[in-house]
Amino acid sequence: MDHSSSEESDVSDSDIGVHEEKTYNQLRAGKVKVKHGNNTFRCPFCPGKKKQDYSSKDLLQHASGVGAASKRKAKVKATHLALARYLKVDLAGSLESSPQLATVEHQPPGSEEKYVWPWMGILVNLPTELKGKGFVGESEERLRAQFSRFKPLQVTILRNSTDDADYAIVKFAENWNGMKDALAFEKHFNVERYGKTDWNKRNCRRDDLYGWVARSDDYNSLEPTGKYLRKNGELKGVGDLEHEGQRKMGRHVGYYARQIEEKNKYLEELKLMNNQNGLKLERMMEEKDQLFEEHNRNIIELQQHACKDSKRIIDENLKLYEELQSKKHEIDRRCKELNYLATNTNIDRGKLVAEKEKNAKENELLNLANLKQKEADEELLRLVEKHKQEKEEALRKQVELELELDSRQKLELEKEQLRGKIEVMKMMGSEEDGTLKELDELRTKLEEKDDDMESMDSLNQALIIKNQRTIDELKEAKKELINGLEKMAGVRSIIGVKRMGELDQKAFYNACKNKMPNDKLKLALVCSKWEDELTKPEWHPFKVIETAGQTKEIIKEDDGKRQALRAQYGDEACNVVIKALVEMNEYNPSGRYPVPELWNFKENRSAPMPEAASYLLKQWKTHKKRNT
C-alpha cells in the first residue's frame, strides 16, 4: 500500500527514534509495501519523485542518504532510517552487498543469537603455573600477551567455589572490530577443537586451554563466569547493536547539523556587523576629511582677508601721513613768513605778537590732544596685543581639538578591529595554546585601548572647557575693543562702531522731508513711532526660501505695515526702516534692541576683529611717529 502522512504535524528531532521504531514495525507487518516484483523496489515515502523503481542496493543508498541529511525534516529522516533498517535486517537476502551482513548473518526476529556486550571471551582449563594467588596480575598479562593477535583489552582470572583459578574472561573492544576479534578468537579454538562444544564433551582432553565467545547461556550460567558477565555486561543481539548505532548516528548527525547551522548563522551575523563597522568607519573618515578641508579653506580665506585689509590700511595710513606732512609744511611756511614780516616791519609788530601767541596756544592745545591721543593709543595697543594672543590661543586649541578627534577616531577603529578578531576567535572555539595566548593578548590590547580612550575623553573634555573659556575671553576682548573705538570715534575714522538695528534718523528725516516739509515735531514723532515698531517681536515680516540648496530669510512683499509705510511716506523711507529691521533680525532677533558691532564705514560692511585690531595698531604707530 502507498504511504500517506497520517499525522497532522511533523515530529521533533528528539522523537526521531520513536517514529523510526513505529515506521519499522509497519514495514515488518506489511502495512507499507516496498517490493514491487522480483527485483524491483520502490520508496513508499517519496511518491512524487520521478524515479520510482530501484534495485535493492540503490533503494538502500537512497534511504541511508535521506536519513543522514541535515536539512531534511525530522519525520522524513525517521521514515527513511526505518526503511534502511528494514532493508538491511529483514530483506538482507535481496541486497547485493552489506558490510555488516558480510560479518554477521542475521537470524529471524525472535530467534536472533544474543552475545554479551561488551564483547567477551571465556577461557577455561587454565594451566597450573597461572593459578597462583600471588601472581594474578602477572598471569593476566601473560594471557593477554599470548592472545595479543586478537587485540584483547583486558584479561581477568576468576576463581571457583574451591578457590581454584579455572576461568578467565577476555574483554574486547566495544565496536564491530572488537566483535571481529572475538569471533576470530573463538574460531581459533574451534579449528583446534578446543571450543565450547569440545569442552562440554565428557571425555574432553585436559591438556590445553579452551575458549569461546560469551553468549546468553554463559550469561545465565551459575558459574563464576555467569556472575561476572551479569555484573559487567548485558545481552544484546547484532540487530539491536546496529539499530542502536544507527539511532546514535542519527542523533549525532542532527546535533552536528544544528551546530553547523548555528555557526553559519553566527558567521553571517559577524559578517553583517563587520560590514556595518566598515561603513561607519568610512563615514567617519569622510567627515574627518570634510572637516580638514573646511578648516584649510577657512584659514586661506582669513589669510586673504588679512592681506587685503593690511594693504588697504597701509594705503590709508600713507595718505593720512602725506596730508599731515603737507599741513606741517604749511605751518612751517606760515611761521617763516611771520618771522620774515617781524624782521622787516615794526608796524604790524602788535599783530605779529598776537598771531604768535595764538599759534602758541594752538600748538599747546595740539600737544595736549596728542598726549591724550597717545594714552588712548597705548590702551588700544594693549587691547590689540591681548586680542592677538587670544586669537593665537584659540587657533592652537582648534588644531589640538582636530588632532584629538583624529586620534580618537583611530582608537575607535583599532578597538573595533580588536573586537572583531576576538569574536572570530571565540566563534572558532579553538583550544590550542597559541590561539588562547593570542586571544589573551588581544583582550589585553583591547583593555589598553579602552584606558587610552578614557584618558583621551578626559583630555578632550578639558580642552572643550578651555576652548569655551577662550571664546568667552574673545567676546570680552571684542567688547573692550568696541568700547575703545566708541571713545576715540572721530569724523574721519575708517573703522568704528555701528549700532545694528538702529533707525538712521538723518536718512529717515531726509526721506520724509517732502511729505512733511515744515513740521519738525510731527517728523520726530513719526521717527519715534517706527523706532518703537522695530523693537516689537510680533512684527516679523520674514519668510524662508531655499536657493542653491541653502535657506535664507527675505521680507514679505505683502506685509501690511510695510505697504502702509511705503504708501504714506514713499519707497525711500520704507527702505530705511526695512534696512534697520533686517539688521535687527540678523544681529539680535530675540532681544529686538540695537547692538554695537565693529564696522568698516568706508566699505559699508562688518569689520572682523583682526581688521579692527590691525587698523588700531596702524593708527597708534602713525600717531607715535608724528609725535616723535
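Treat the numbers as computed from the prediction; the structure is a model and nothing was measured.
Side-chain contact between Met179 and Trp176: present, with at least one pair of heavy atoms (C-beta onward) separated by less than 4.5 Å. In this structure, Asn298 and Glu301 have side chains that are in contact, with non-hydrogen atoms separated by less than 4.5 Å. Looking only at side-chain heavy atoms (C-beta outward), Leu209 and Leu143 come within less than 4.5 Å of each other. Between Lys280 and Arg283, some side-chain heavy-atom pair lies under the 4.5 Å cut-off. For the pair Lys171/Glu174, a side-chain contact is recorded, criterion being any heavy-atom separation below 4.5 Å from C-beta on. Here the side chains of His62 and Cys46 are in contact, with some heavy-atom distance below 4.5 Å. Residues Glu269 and Tyr266 form a side-chain contact, since some pair of their non-hydrogen atoms from C-beta on lies under 4.5 Å apart. Between Glu553 and Lys543, every side-chain heavy-atom pair lies at or beyond the 4.5 Å cut-off.
With rounding to the nearest 0.5 Å, the separation of CG in Asn220 from CG in Leu235 is 6.0 Å. If you take CG on Asp181 and CD on Glu186, they are separated by 13.0 Å, rounding to the nearest 0.5 Å. With rounding to the nearest 0.5 Å, the separation of CD in Glu268 from CG in Asn264 is 7.5 Å. For the atom pair NZ of Lys31 and CG of Asn25, the computed distance is 9.0 Å after rounding to the nearest 0.5 Å. Atom CG of residue Leu123 and atom CD1 of residue Ile169 lie 8.0 Å apart, to the nearest 0.5 angstrom. In this structure, Thr23 OG1 and Leu83 CG are separated by 10.0 Å, a value rounded to the nearest 0.5 Å.
For the pair Asn175 and Trp119, the tightest heavy-atom approach, listed with the atom from each and the gap, is O-NE1, 2.9 Å. Nearest heavy atoms, Leu158 versus Pro224: CD1-O, 3.8 Å. Contact detail for Lys77 and Gly254: the closest heavy-atom pair is NZ-CA, 4.3 Å. Residues Arg144 and Leu153 come closest through the heavy atom pair NE-O, 3.4 Å. Met120 and Leu229 get closest at one heavy-atom pair: SD-CD2, 3.4 Å.
Arg230 places a side-chain N or O within 3.5 Å of a backbone atom of Tyr219 that can act as its donor or acceptor partner. In this structure, Asn274 contributes its side chain and Leu270 its backbone to no donor-acceptor pair below 3.5 Å. In this structure, the side chain of Asn177 does not engage the main chain of Ala173 through any donor-acceptor pair within 3.5 Å. Listed for the Glu140 side chain is a donor-acceptor partner under 3.5 Å among the backbone atoms of Ile157. Side-chain N or O atoms of Asp198 include one that pairs as donor or acceptor with a backbone N or O of Gly195 at under 3.5 Å. A donor-acceptor distance shorter than 3.5 angstrom exists from the side chain of His80 to the backbone of Val76, with no hydrogens or angles considered. The backbone N or O of Tyr54 sits nowhere less than 3.5 Å from a side-chain atom of Asp58 that would complete a donor-acceptor pair. Between the side chain of Thr79 and the backbone N or O of Lys75, at least one donor-acceptor pair lies under 3.5 Å. Within the 3.5 Å criterion, the main-chain N or O of Leu60 finds a donor-acceptor partner in the side chain of Ser64.
Using a 4.0 Å cut-off between charged nitrogen and carboxylate oxygen, Glu234 and Lys236 count as a salt-bridge pair. Under a 4.0 Å N-O distance rule, the pair Glu20/Arg247 does not qualify as a salt bridge.
You'll find the ring centres of Phe189 and Phe147 inside the 6.0 Å limit. Checked against the 6.0 Å centroid threshold, Tyr194 and His188 do not count as a close aromatic pair. You'll find the ring centres of Phe185 and Phe172 inside the 6.0 Å limit.
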Quiz prompt | side-chain contact (heavy atoms from CB on, under 4.5 Å) between Lys265 and Glu261, worked out | solution = CA-CA 6 Å; Lys265 184 178 179 182; Glu261 290 178 359; over 6 Å; no
Quiz item: Given Arg215 and Glu113, is the salt bridge (Lys or Arg N to Asp or Glu O under 4.0 Å) satisfied, shown in steps?
Solution: CA-CA 8 Å; Arg215 292 178 172 81; Glu113 188 174 16; 2.4 Å; yes
Quiz item: Between Lys196 and Trp199, is a side-chain contact (heavy atoms from CB on, under 4.5 Å) present by the stated rule, with each step listed?
Solution: CA-CA 5 Å; Lys196 184 176 182 181; Trp199 173 255; 5.6 Å; no
Self-check item: Full working for side-chain contact (heavy atoms from CB on, under 4.5 Å) between Leu27 and Val34
Solution: CA-CA 8 Å; Leu27 289 167; Val34 177; 3.6 Å; yes
Exercise. Could you walk me through whether Tyr86 and Arg28 pass side-chain contact (heavy atoms from CB on, under 4.5 Å), step by step?
Key: CA-CA 7 Å; Tyr86 175 74; Arg28 292 185 62 187; 4.0 Å; yes
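Within a 6.0 Å radius of CD in Gln61, no more than 12 heavy atoms belonging to other residues, nucleotides or ligands are found. By the 6.0 Å contact criterion, CZ on Phe542 is enclosed, its count of non-hydrogen atoms from other residues, nucleotides or ligands being greater than 12. The environment of CD in Gln550 is sparse: at most 12 heavy-atom neighbours from other residues, nucleotides or ligands sit within 6.0 Å.
Asp218 and Trp212 form a side-chain donor-acceptor contact under 3.5 Å, judged by distance and modelled atom types alone. Under 3.5 Å, the side chains of Thr156 and Gln154 contain a donor-acceptor pair of N or O atoms.
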